Amino acid sequence: MTDRTGRVQIDLFSTLDGVMQAPGGPDEDPSGGFAYGGWQAPLEDDVVGERVIAGIRGMDALLLGRRTYDIFAAYWPRFDADGPVGEIARIFNAVPKYVATRGAPDLPWENSHRLGDDLPAEIARLRTDHADVHVVGSIDFARTLVAEGLFDVLNLWMYPIVLGAGKRLFPAEGGAHGLTLLEPPVAGSAGAIALRYGPGEPVRTGGMT
């Protein structure tokens, strides 16, 4: 792998029991009969909002799984408003979009590119070409990046809610992973906790004595 000149950040919103499916709205991802789409909205938090906006302002590329790409491509190009959400739309629409997908699908969102099949090589190329690449949502794709250590920062926003069922970054049948805390956690006024992790050492076991 080439020297890392840029970094790949994964941005995910999670419940206390690890559910990350469809935080943004009821129609975002109802697969599997998920009934809680939009669970994040009633728990809007100042700290989360500030950190999300700061991260988006610093990004110079988006890296997305196909499902998230389709959701974003149907929404953000048509969004025209002032304020923070309008700023997000302008940045998302302007930066290059790289999509992890099979085959050669139509990618209609301006400045969109299919990611090559050699994932480690493609991540190395993105680190060379960009300073700050963000993976937003894209749980299945993010799971692959974490499992293979192909990321630099996992931005995890944990909310005080339990849903019981839904897609998770770390499913029960997944492998073992070690992570490294990059900075102390930060709590917001609505109870959300901002956590920043990097890749860690393999999981070890031992006794408390």
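What you are looking at is a predicted structure, and each value in this text was computed from that prediction instead of being measured.
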task = Run the numbers on Gln9 and Asp152 for side chain to side chain contact (heavy atoms under 4.5 Å, CB included), then give the verdict.
result = CA-CA 6 Å; Gln9 300 200 57; Asp152 299 287; 5.8 Å; no
Solution key, residues 188-206 side-chain donor-acceptor pairs under 3.5 Å, sequence neighbours excluded:
from: Ser189; atom 1: OG; to: Asp46; atom 2: OD1; distance (Å): 3.1
from: Arg196; atom 1: NE; to: Glu183; atom 2: OE1; distance (Å): 3.2
from: Arg196; atom 1: NH1; to: Asn155; atom 2: OD1; distance (Å): 2.8

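- The six-membered or imidazole ring of Trp39 lies away from that of Phe13, with a centre-to-centre distance of 6.0 Å or more.
- Heavy-atom neighbours of Phe34 CZ from other residues, nucleotides or ligands within 6.0 Å: above the threshold of 12.
- Of all heavy-atom pairs between Pro120 and Glu148, the closest is CG-OE1, 4.4 Å.
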inquiry  = Let's go through Tyr36 and Leu163 carefully: what are the C-alpha distance in whole Å and the side-chain angles of both, what is the deciding distance for side chain to side chain contact (heavy atoms under 4.5 Å, CB included) to 0.1 Å, and is it a yes or a no?
reply    = CA-CA 8 Å; Tyr36 299 105; Leu163 296 180; 3.8 Å; yes
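- In Glu44, the CD atom is not crowded: 12 or fewer heavy atoms of neighbouring residues, nucleotides or ligands sit closer than 6.0 Å.
- Transitive grouping of hydrophobic side chains (ILVMFWY, heavy atoms separated by less than 4.5 Å) keeps Leu16 and Val47 in distinct clusters.
- The closest side-chain heavy-atom distance from Leu169 to Leu12 is below 4.5 Å.
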ask   = Do Leu107 and Lys97 pass the side chain to side chain contact (heavy atoms under 4.5 Å, CB included) test, and can you show the C-alpha distance, the side-chain angles, and the key distance before you say yes or no?
value = CA-CA 10 Å; Leu107 302 175; Lys97 274 75 67 175; over 6 Å; no
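- To the nearest 0.5 Å, the span separating CD1 on Ile123 from CG on Leu115 amounts to 6.0 Å.
- Contact of the Tyr69 side chain with the Ser112 side chain is registered, since non-hydrogen atoms from C-beta on lie closer than 4.5 Å.
- Using a 4.5 Å heavy-atom threshold, the side chains of Leu63 and Phe141 count as touching.
- Counting non-hydrogen atoms of neighbouring residues, nucleotides and ligands closer than 6.0 angstrom, the CD atom of Glu87 exceeds 12 such neighbours.
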inquiry  = Could you go through Arg127 and Val133, starting from their C-alpha distance and side-chain angles, then the distance that decides it, and tell me whether this counts as side chain to side chain contact (heavy atoms under 4.5 Å, CB included)?
reply    = CA-CA 8 Å; Arg127 284 184 173 131; Val133 181; over 6 Å; no
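- Checking side-chain atoms of Lys167 against main-chain N and O of Ile139 turns up no donor-acceptor pair under 3.5 Å.
- For the side chain to side chain donor-acceptor pair (under 3.5 Å) test, no residue two or more places apart in sequence or in another chain qualifies with Asp60.
- Partners of Pro77 by side-chain contact (heavy atoms from CB on, under 4.5 Å), not counting sequence neighbours, listed by chain and number: Asn93, Trp109.
- No side-chain heavy atom of Val99 sits under 4.5 Å from any side-chain heavy atom of Thr68.
- What you find for Glu28 and Pro30 is that their closest heavy atoms are C-CD, 4.1 Å.
- Salt bridge annotation for Asp70-Arg67: absent, with no cationic side-chain nitrogen under 4.0 angstrom from a carboxylate oxygen.
- Judged purely by atom type and a 3.5 angstrom limit, Glu122 has no side-chain atom pairing as donor or acceptor with the backbone of Asp118.
- Note on Ile71: it clusters hydrophobically with Ile56, by side-chain heavy-atom contacts below 4.5 Å among ILVMFWY residues.
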